[in-house]
*Asks:* 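The structure that follows is given in the form of structure tokens.
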Amino acid sequence: MTASNRPAEFKAVRRLLGRAADWGLGPHAVSKNTKQAGSRIAGLEVTESVCPYCAVGCGQLVYTRGGELVDIEGNPRSPINQGTLCPKGSASRQLIQQPGRLTKVLYRRPYGTEWEELELEQAMDMIAERTIAARENWWEDTDEQGRRVDRTLGFAHLGGATLDNEENYLIKKLWTAMGAVQIENQARI
């Protein structure tokens, strides 16, 4: 029996079952308020970005309105994550908008017993001064055999897997240019 020569009752039952199956789906499931609300991202500026966590390189879409962050979601065009994000990536908006986010540096002076708060700019200046001093104090032009080495053993660097490949590459170049020899990355250890 083909579809064209089925009894009329069969067609009527099929039509009724089709409507019943559609009651909770499709256009029948959308309320008037939902239809009027529109898209939550309508009118927002979208910027493609990369998740800042584990260096896998998952693509993100960052939505802003007037320079203010509104939402972050996975980029479905990314060949890496195809629109999905891990729990940390999904929560990356909190990196900027978390009310409990630390904005000051806790510092304990040498031989001190108490922590004190420093402004980030002051802490960065202290790090730069100490890096320059360590480089100058421990600089070696030549090694024990008289070979030219142009290096310092006054500091080392351990990179983290939360940085992406580009950031780790630039950090490696920076520390190498400053003469560091001991450079490693947590992802390799």
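Note that this is a predicted model, so its numbers are computed, not measured.
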*Asks:* Once salt bridge (charged side-chain N to carboxylate O under 4.0 Å, His left out) is applied, do any residues pair with Lys104, and if so which ones, sequence neighbours excluded?
*Replies:* Glu119
*Asks:* Quick one: hydrophobic cluster around Val149, which other residues, with the 4.5 Å side-chain cut-off, linked directly or via members?
*Replies:* none
*Asks:* Could you state the interatomic distance from CG (Leu170) to NZ (Lys172), rounded to the nearest 0.5 Å?
*Replies:* 12.5 Å
*Asks:* Clusters formed by hydrophobic residues whose side-chain heavy atoms approach within less than 4.5 Å: which one holds Val70, and what are its other members?
*Replies:* Ile41, Leu44, Val46, Leu61, Tyr63
*Asks:* When rounded to the nearest 0.5 angstrom, what distance separates CD1 in Ile183 from CG in Leu174?
*Replies:* 8.5 Å
*Asks:* Go through the structure and list residues passing salt bridge (charged side-chain N to carboxylate O under 4.0 Å, His left out) with Arg108, not counting sequence neighbours.
*Replies:* none
*Asks:* If you count every heavy atom of other residues, nucleotides or ligands that lies below 6.0 Å from Glu45 atom CD, does the total exceed 12?
*Replies:* no
*Asks:* With sequence neighbours excluded, what pairs up with Glu116 under the salt bridge (charged side-chain N to carboxylate O under 4.0 Å, His left out) test?
*Replies:* Arg109
*Asks:* Is Leu153 isolated, or which residues cluster with it under the ILVMFWY side-chain rule of less than 4.5 Å, directly or via members?
*Replies:* Val181
*Asks:* Which pairs count as salt bridge (Lys or Arg N to Asp or Glu O under 4.0 Å) when at least one residue sits in residues 54-71, sequence neighbours excluded?
*Replies:* Arg40-Asp71
*Asks:* Does some side-chain heavy atom of Tyr53 sit less than 4.5 Å from a side-chain heavy atom of Leu95?
*Replies:* yes
*Asks:* Is there side-chain contact between Pro52 and Gln60, with at least one heavy-atom pair below 4.5 Å?
*Replies:* yes
*Asks:* To check you understand the geometry: which heavy-atom pair defines the closest contact between Val105 and Ala123, and what is its length?
*Replies:* CG2-CB, 3.7 Å
*Asks:* How many angstroms lie between CZ in Arg151 and OG1 in Thr142, if you round to the nearest 0.5 Å?
*Replies:* 9.5 Å
*Asks:* Holding to side-chain contact (heavy atoms from CB on, under 4.5 Å), I want the full list of residues that pass it with Lys173, two or more places apart in sequence or in another chain.
*Replies:* Tyr169
*Asks:* Where do Leu85 and Gly59 come nearest, in terms of heavy atoms and distance?
*Replies:* CD2-O, 4.0 Å
*Asks:* Could you state the interatomic distance from CD (Glu121) to CE (Met126), rounded to the nearest 0.5 Å?
*Replies:* 13.5 Å
*Asks:* Output all residues satisfying side chain to side chain donor-acceptor pair (under 3.5 Å) with Ser49, sequence neighbours left out; order by chain, then residue number.
*Replies:* none
*Asks:* I need the full list of ring pair (Phe, Tyr, Trp, His ring centres under 6.0 Å) pairs touching residues 68-122, with sequence neighbours left out, sorted by first then second residue.
*Replies:* none
*Asks:* Quick one: do Thr152 and Met178 satisfy side chain to side chain contact (heavy atoms under 4.5 Å, CB included)? Show the steps, please.
*Replies:* CA-CA 8 Å; Thr152 181; Met178 290 193 303; over 6 Å; no
*Asks:* Does any pair with a residue in residues 123-162 pass ring pair (Phe, Tyr, Trp, His ring centres under 6.0 Å), and if so which ones, sequence neighbours excluded?
*Replies:* Phe155-Trp175, His157-Trp175
*Asks:* Got a second to check how far Ile132's CD1 is from Asn137's CG, nearest 0.5 Å?
*Replies:* 11.5 Å
*Asks:* Would you give the length of the straight line joining atom CD1 of Ile171 to atom OG1 of Thr176, rounded to the nearest 0.5 angstrom?
*Replies:* 11.5 Å
*Asks:* How would you list, by chain and number, every residue that makes a salt bridge (charged side-chain N to carboxylate O under 4.0 Å, His left out) with Asp141, sequence neighbours excluded?
*Replies:* none
*Asks:* Got a sec: does the CD of Glu114 have more than 12 other heavy atoms crowding it under 6.0 Å?
*Replies:* no
